[in-house]
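Only one structure is covered here, and it is reproduced in the block below.
Heavy-atom basis, side chains included; hydrogens, waters and symmetry copies ignored.
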Amino acid sequence: MDAELIHRDRFLFDDGAIVEMVIWRVPKPVPGSAHHYKYRLFYGYPDRRIVGYDNERLKGDHRHLGDVEEPCRLSSVEGLIHDFLTDIFKKRSL
């Protein structure tokens, strides 16, 4: 089984900010993760990430909030999207 795209979405805000979410189901967990998903979620501008979630090889599940990178836990695809959108809402409300 190859990777299967299960979610792709892109949204552009009027101020130029971008939201992009891409999630695949993979046959084997990405090294560092315990689940069968590979994902990259981005919110920011072409030259600056404000919020990002991904599971890079060996790093496992983590998020970027500005310049801070910290581990996070994937409970479900829906939970991942919810947490990501919540972080975006918090940043846009500042």
In one Ile/Leu/Val/Met/Phe/Trp/Tyr side-chain cluster, 4.5 Å: Leu80, Leu85:
yes
Should Phe84 and Leu65 be counted in the same cluster of Ile, Leu, Val, Met, Phe, Trp and Tyr side chains packed under 4.5 Å apart?
yes
Show every side chain to side chain donor-acceptor pair (under 3.5 Å) that has at least one partner inside residues 70-82, sequence neighbours left out.
Arg63-Glu70
CD-CG distance between Glu20 and Leu12, expressed to the nearest 0.5 angstrom:
9.5 Å
Between His62 and Asp54, is any pair of side-chain heavy atoms under 4.5 Å apart?
yes
Assigning hydrophobic clusters by single linkage (Ile, Leu, Val, Met, Phe, Trp, Tyr; side-chain heavy-atom cutoff under 4.5 Å), is Val19 placed with Val77?
yes
For Asp83, enumerate each residue passing the side-chain contact (heavy atoms from CB on, under 4.5 Å) test, keeping only those at least two apart in sequence or located in another chain.
Tyr53
What are the two closest heavy atoms between Leu41 and Val22, and how far apart are they?
CD2-N, 3.9 Å
Heavy-atom side-chain proximity of Ile81 to His7 below 4.5 angstrom
yes
For Phe42 and Gly44, work out which heavy atoms get closest and say how close.
CE2-N, 3.5 Å
Using a 3.5 Å distance criterion without hydrogens, assess whether the side chain of Ser33 forms a donor-acceptor pair with backbone atoms of Pro29.
no
Less than 4.5 Å apart, side chain to side chain, heavy atoms only: is that true for Thr86 and Lys90?
yes
Could you report the tightest heavy-atom contact between Leu5 and Ile23, atom names first, then the distance?
CD1-O, 3.6 Å
Less than 4.5 Å apart, side chain to side chain, heavy atoms only: is that true for Glu4 and Trp24?
no
Under 4.5 Å between side-chain heavy atoms, counting indirect links through other Ile/Leu/Val/Met/Phe/Trp/Tyr residues: same cluster for Ile50 and Phe13 or not?
yes
Test side chain to side chain contact (heavy atoms under 4.5 Å, CB included) on Asn55 and His35; report intermediate values, then the result.
CA-CA 10 Å; Asn55 60 334; His35 51 76; 3.5 Å; yes
Once side chain to side chain donor-acceptor pair (under 3.5 Å) is applied, what residue pairs with a partner in residues 36-45 remain, sequence neighbours excluded?
Asp15-Tyr45, Tyr39-Asp61, Tyr43-Arg92
Rounded distance [0.5 Å steps], CD1 in Ile6 versus CZ in Arg8
12.5 Å
If every non-hydrogen atom of Gly16 is compared with every non-hydrogen atom of Pro46, which pair is closest and at what distance?
O-CD, 4.2 Å
